[in-house]
Visitor: 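Would you mind keeping the following structure in view while I ask a few things?
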Amino acid sequence: MTTETRSTCCYCGVGCGVLIEAEGGRIAGVRGDPEHPANYGKLCSKGMALADTARSTTGRALQPEMRTKRDAARETVDWPTALDAVAQRFAQTIAAHGPDSVALYVSGQLLTEDYYAFNKLAKGLIGTNNIDTNSRLCMSSAVTAYKMAFGADGPPTCYDDLERARTVLFAGSNAAWAHPVLFRRLEAAKAADPSIRWIVVDPRRTDTAAMADLHLAIAPGTDVALFNGMLHHLIWEGLVDREYIEAHTEGFAALKAAVRTFTPAIAAQICGIDEADLILAAQWFGASEAALSLYCMGLNQSSQGTGKNLALINLHLAARQIGRPGAGPFSLTGQPNAMGGREVGGMATMLAAHRDIGNAAHREEVARLWGVASLSARPGLPAVQMFDALRAGTIKAVWIVCTNPAHSMPDNAHVREALEQAEFVVVQEAFTQTDTVPYADVLLPAASWGEKSGTVTNSERRISRVRAAVAPPGEAKPDWWIAVEVARRLEKLLETKAAESNRSSPLFGFDSPEAIFDEHRLLTEGRDLDIGGLDYATLDTRGPQQWPFRAGSVHGEARRYTDGRFATANGRARFHALEYQPPADTVNARFPFRLTSGRLRDQWHGMSRTGRVGRLFTHAPEPALDMHPGDAARRGLREGDLVRVVSRRGELVLPLRASDEVPSGTLFAPMHWNAQFMSSGGINEVTDPAVDPHSSQPELKHAAVRVEAVSLPWRLSAARRGDALALQAAVQPLMGACRYASLAIEDDLLVLRAAHAAAPAGWLEQLYAALDLLPGDDTLEYRDARRGLDKRAFWRDNVIQGFVLAGDIAQADSLLAAVRAAQPWQGTRLAAFAARRGAGAAAGAPRERIVCSCKQVGATKIQEAIAQGASVADLKASLGCGTVCGSCVPELRRMCETRQPAREPAGVAG
Ligand SMILES: Nc1nc2c(c(=O)[nH]1)N[C@H]1C(S)=C(S)[C@@H](COP(=O)(O)OP(=O)(O)OC[C@H]3O[C@@H](n4cnc5c(=O)[nH]c(N)nc54)[C@H](O)[C@@H]3O)O[C@H]1N2
Ligand SMILES: Nc1nc2c(c(=O)[nH]1)N[C@H]1C(S)=C(S)[C@@H](COP(=O)(O)OP(=O)(O)OC[C@H]3O[C@@H](n4cnc5c(=O)[nH]c(N)nc54)[C@H](O)[C@@H]3O)O[C@H]1N2
Ligand code: SF4
Ligand SMILES: [Mo]
C-alpha cells in the first residue's frame with residue numbers, strides 16, 4: 001500500500017512543505033507540497049533527493065551502544081540499560097561537582113518539541129544553563145541584534161516581501177545555493193519586473209552575485225564600514241526619514257555624530273571597492289519604494305557579527321525601510337528549526353519564550369509555569385566556551401544531540417581534545433558515520449526525517465508540522481522521547497522532591513510531541529511570540545501558521561512593527577553607533593591570505609545525509625581551495641595541485657582550484673568535507689574560534705592563512721562497485737594515514753583518491769581488505785616494488801568491479817570509466833594496466849562536473865550548446881537541464897552570460 005504524508009523538508013530554514021510517499025514501511029519518494037506557502041510545490045536539489053537519503057539503513061544508528069570501560073569498544077545494549085547509564089552518570093557528576101559540571105549541546109535541526117524537552121531538562125530539572133546549540137555558530141548574532149534594536153527576537157518580514165521588494169540587498173548570503181526555493185521566488189519576481197534591483201555584498205562572485213545589478217565584492221569582515229559609509233551618504237543626501245526617526249526611534253543623534261567623519265570614500269577604501277559603487281548602493285537602497293535585505297552567515301559568523309547586523313538595521317530604520325510590504329531587515333535562518341530553538345529558549349543565554357536568564361522576573365515566571373522552586377541565575381556557557389570548559393575539565397559530562405561538533409566547530413583539533421578529555425560523552429545521532437560518534441561513551445540512536453513528528457518554524461516565523469511517514473529503523477527513537485525517558489530517571493536520582501510538591505502535574509509527564517507543544521504554547525502567552533491560539537488541530541486543519549498567533553486569532557501576523565511600535569520598553573527602536581573593527585585573526589607576511597568558508601549547492605553540512613547520494617556529489621566531487629588565478633600564478637601553483645593551508649591553529653591539504661570568483665588575497669573552501677570523506681577534519685582545522693563579544697558567535701568566515709605547495713609524489717586512485725555506504729565505512733578509517741585522501745560516492749560505487757610522500761607501510765594491504773580486493777581467480781595483480789607500483793583489479797562475471805592503482809595512476813580514467821560502464825570486458829585483462837591515458841583528461845581526475853543534478857547534465861554538453869548560441873531557455877528545451885528543481889538555473893545563466901568554458905573541478909591530477 002502506498003501512503004502520502006504531508007511533512008516538512010529537514011534541511012534549510014526556507015521550510016519547504018513535502019509530501020512523502022511510503023510503500024511497505026519504506027520511504028519511496030518525495031515531492032514538493034503544492035499547498036505549502038513557503039514553496040508551493042517546489043523543492044531544490046537537496047529536497048528532491050531526500051527519499052534517496054532514506055533508501056538504505058546502512059550507516060544508520062540502529063541500536064543503543066555503550067562503553068563499559070573507558071578505552072573499550074562500544075557494545076550494543078538495550079534502551080533501559082543505555083537510559084539508566086546516562087541518567088546515573090549525569091546524576092553522579094551533578095552530585096559530586098554541581099549542576100554546572102554537565103552540559104548539553106543540541107541543534108537547530110531538532111524539532112521544537114525535542115528542543116523544549118532538552119531545555120526543560122537542563123534548566124528546569126538539572127538546574128544548569130549549560131545548554132547551548134549549533135545555532136550559536138549560526139544565528140546568534142542575528143538574534144542579539146534583533147533584540148538590541150527592536151527589543152525582541154523575530155524577523156519583521158515575511159516571504160510575501162520577496163515579491164514586493166523593489167530593491168533587494170543580499171548581504172553575506174548566497175541564497176542561490178543556501179536558500180534555493182526562496183531564490184526561485186526572487187528570480188521569478190525579477191523576471192516579471194526587470195526594474196527590481198539586486199545588490200549583493202559578498203567577497204566572492206557567487207551564483208547569487210552573478211545575477212546582481214551591483215556586486216560589492218568587499219574584503220571579508222568589512223561590512224560595518226560599508227553600512228556606515230552608506231548611512232553617511234543617506235544622512236548627508238537627505239535620504240533619511242526624519243519624521244519616522246523622530247517618532248519611532250532613539251539614539252539617532254549619537255549615530256549621526258559617529259558616522260559624520262565616516263565618508264563613503266573612507267568606507268570604500270576599507271572595503272576595497274569603488275566609492276561610486278558604495279554611493280550607488282546607498283542611493284538605490286535609500287530611494288527605493290521598498291528595500292529588503294536578506295542576510296545570513298557572511299554577517300553573523302564574525303567577531304563583529306552583532307555589529308554587522310546592527311549597522312544594517314540602522315540603514316533600515318533611518319530610511320524607514322521597515323514595517324511596510326517589501327521592506328525590512330530579513331535574517332534568513334540556516335537550519336530548519338533555528339527559529340523554534342529560539343522560541344523555546346534552548347540556548348545558554350535564553351529562557352523559554354524569548355525570556356532572558358539575566359532577568360529575575362523572567363526566571364521566576366518560568367519556574368512558576370514549570371512548577372520548580374527556582375531557575376539558576378548563572379549564565380550558561382555558549383558553544384565555544386562550553387568546549388573550552390570541557391577541555392579544561394570544569395565541565396565533565398556532555399550530551400550532544402543532532403549536531404557534529406568535532407566537524408562543525410572552529411579549530412576542531414581543540415574540540416577533539418575536549419571530547420577526549422571529557423569524562424562522559426553521550427551522542428544522540430541518526431547516523432554512525434560522523435566525526436563526533438567515535439567519542440561517544442553512549443550512542444543513542446535517533447529517529448530522523450520521515451520518522452518523527454512535531455513542529456518546526458521557518459525564516460518567516462511560520463510553524464509547520466513535521467509528520468512521520470514510516471517507523472524508525474531498528475531501535476531508533478524520537479529525540480523528545482529519549483530526553484523525556486532520561487529526564488524521568490534523572491528526576492528520581494536527583495532529590496527534587498521539595499519542588500515536586502507545588503506541581504500539579506509531573507515535570508516530564510509528556511506522552512507525545514503534542515503534549516509538549518501544548519505546554520510550550522502556554523509559556524508563550526503574553527509574550528511577543530504568543531502562540532496561545534495555535535495547536536496541532538489548527539495546524540492540521542488550516543496548515544502552517546505564522547507567529548504571533550494569539551488566542552482567538554484566525555491567522556498569524558505576516559509583518560511586525562507595521563505601526564512603528566517596537567518591543568522595547570518605550571516602544572522605540574534603537575540605533576546603535578558602531579565602529580568598524582577588523583577581523584580577529586591578523587593578516588601579515590606569515591599569514592597573508594584571508595580564508596573564508598561556506599556552502600555548496602548540493603551538500604548539507606557534515607554530509608551525513610547528503611553524502612549518501614551519488615547524484616549530490618556530481619556538482620562538486622572533491623573538496624577544493626579556491627584561489628584567484630593571479631595569486632596562484634605568482635606562487636607557481638596550478639589547478640589541481642595539492643596545497644597545504646596553514647593557520648595559527650592547524651593545517652590541512654586540499655586540491656587547488658584556480659577561480660576568479662574569489663578576489664586576489666581571499667580564499668574560499670567549502671565547509672562540508674570532514675574525516676568521513678577526507679584525510680583531515682576539514683576546513684575547521686584552520687578556522688578561528690574568536691567570538692563576537694555580544695553574541696558569542698565564532699568568526700567562522702575569516703581566518704588568516706598561508707598556502708604552500710606540498711610535494712606528495714605517491715598517488716593512488718581506487719574504485720569499487722558495491723554498497724557504497726558500507727564501503728565508505730570500511731575505507732574511512734584508513735584515510736588519515738595519507739596526507740591527502742578523499743572519498744566520493746556514486747550510487748553503487750565508491751571512488752577514492754589519495755596522495756602521500758610514499759606508500760604508507762602496510763597500508764595497501766588494509767585497503768585491499770577494506771575494498772574486498774583480495775587475491776583470487778578473478779583478481780589481476782601487478783607489483784614493482786622498486787618503482788613503488790602496486791596495481792590490482794577485480795572482475796566478476798567478466799565485468800570489472802573495482803581497482804586500485806598505486807604509484808602510477810595513468811590508467812585511472814579508463815578503468816573508472818570501465819567500472820562505471822559495467823560492460824563485459826573486451827580483450828585481455830592485462831590491458832587494464834597498460835599505460836594509456838584517457839583522451840586528453842588528467843588521469844585520476846573526477847568525472848566531468850554535472851551542473852544539473854536532477855537531469856544529470858554535464859558542463860561539457862551545456863558548453864557545447866552555448867557555443868552554438870543557446871540561451872537558458874534553449875538549454876532547458878534541448879537538454880532538459882534546469883527544468884526540474886531549478887537549482888542550477890543561476891549557473892546556466894552565468895555560463896550563458898560569460899560564454900566561457902565552465903569551471904572545471906579541481907582534481908588530484910596525475
Ligand atoms: N546547500 C546548502 N544550503 C544550506 C546549508 C547547507 O549546508 N547546504 N546550510 C544551511 C545553514 S545552517 C545556513 S546557516 C545557511 C547559510 O547560508 P549562507 O550564509 O548564504 O551561506 P554561506 O556559504 O555559509 O555564506 C554566505 C556567503 O558569505 C560570504 N562571506 C564571507 N565573508 C563575508 C563577509 O565578511 N561579508 C559578507 N558580506 N559576506 C561574506 C561568503 O563568500 C558566502 O558566499 O545555509 C543553509 N542552507
Ligand atoms: N568553517 C565553517 N564551519 C561552520 C560553518 C561555516 O560556514 N564554516 N557553518 C556553521 C553553521 S551555520 C552550522 S548551522 C553548523 C552545522 O553543523 P552541524 O550541526 O555539526 O551539522 P550537521 O552535519 O547538520 O549535524 C547534524 C547531525 O545530526 C544528525 N541527525 C540528523 N537527523 C537527526 C535527528 O533527527 N536526530 C538526531 N539526534 N540527529 C540527527 C546528522 O546525522 C548530523 O550528524 O556548522 C557550522 N560550522
Ligand atoms: S530550499 Fe531546498 S533544502 Fe531548503 S527547505 Fe526547500 S527543499 Fe529543503
Ligand atoms: Mo547554520
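Ligands are counted one by one from 1 in listed order, and the atoms in each one are counted from 1 as well. Being a predicted model, the structure only gives us computed values, none of them experimental.
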Visitor: Report the distance from atom CG of Asp602 to atom CZ of Arg599, rounding to the nearest 0.5 Å.
Guide: 14.0 Å

Visitor: Mind checking the OG-CG spacing from Ser659 to Asp631? Nearest 0.5 Å is all I need.
Guide: 11.0 Å

Visitor: Can you name the atoms of ligand 2, numbered from 1 with element, that are less than 4.0 Å from a heavy atom of Asn134?
Guide: 19 (O)

Visitor: For Ala178 and ligand 1, does the shortest N/O to N/O distance drop below 3.5 Å?
Guide: yes

Visitor: Would Gly221 count as a polar contact of ligand 1, with the cut-off being nitrogen or oxygen pairs under 3.5 Å?
Guide: yes

Visitor: Nearest heavy atom to atom 1 (N) of ligand 2: which of Leu700, Asp688, Asn684 does it belong to?
Guide: Asn684

Visitor: Closer than 4.0 angstrom: is that true for some heavy atom of His702 and an atom of ligand 1?
Guide: no

Visitor: If the condition is side chain to side chain contact (heavy atoms under 4.5 Å, CB included), which residues does Ala210 pass it with, not counting sequence neighbours?
Guide: Arg894

Visitor: For Thr206, take its heavy atoms, then give the atoms of ligand 1 lying under 4.0 Å from any of them.
Guide: 44 (O)

Visitor: For Met139, which part has a heavy atom under 4.0 Å from ligand 1: side chain, backbone, both, or neither?
Guide: neither

Visitor: Any nitrogen or oxygen of Arg204, main chain or side chain, under 3.5 Å from a nitrogen or oxygen of ligand 1?
Guide: yes

Visitor: Please find the pair of heavy atoms, one from Ala703 and one from Arg649, that lie closest to each other, and give the distance.
Guide: CB-NH2, 3.8 Å

Visitor: So Phe617 and Trp673, would you call those rings parallel, tilted or perpendicular, with 30° and 60° as cut-offs?
Guide: perpendicular

Visitor: If you count the atoms of ligand 1 from 1 in the order shown, which ones are under 4.0 Å from a heavy atom of Trp177?
Guide: 1 (N), 2 (C), 3 (N)

Visitor: Under 4.0 Å from a heavy atom of Gln603: give me the atoms of ligand 1 that qualify, with their elements.
Guide: 1 (N), 2 (C), 6 (C), 7 (O), 8 (N)

Visitor: Once you measure the plane-to-plane angle for Phe170 and Phe183, does it fall in the parallel (<30°), tilted (30-60°) or perpendicular (>60°) bin?
Guide: tilted

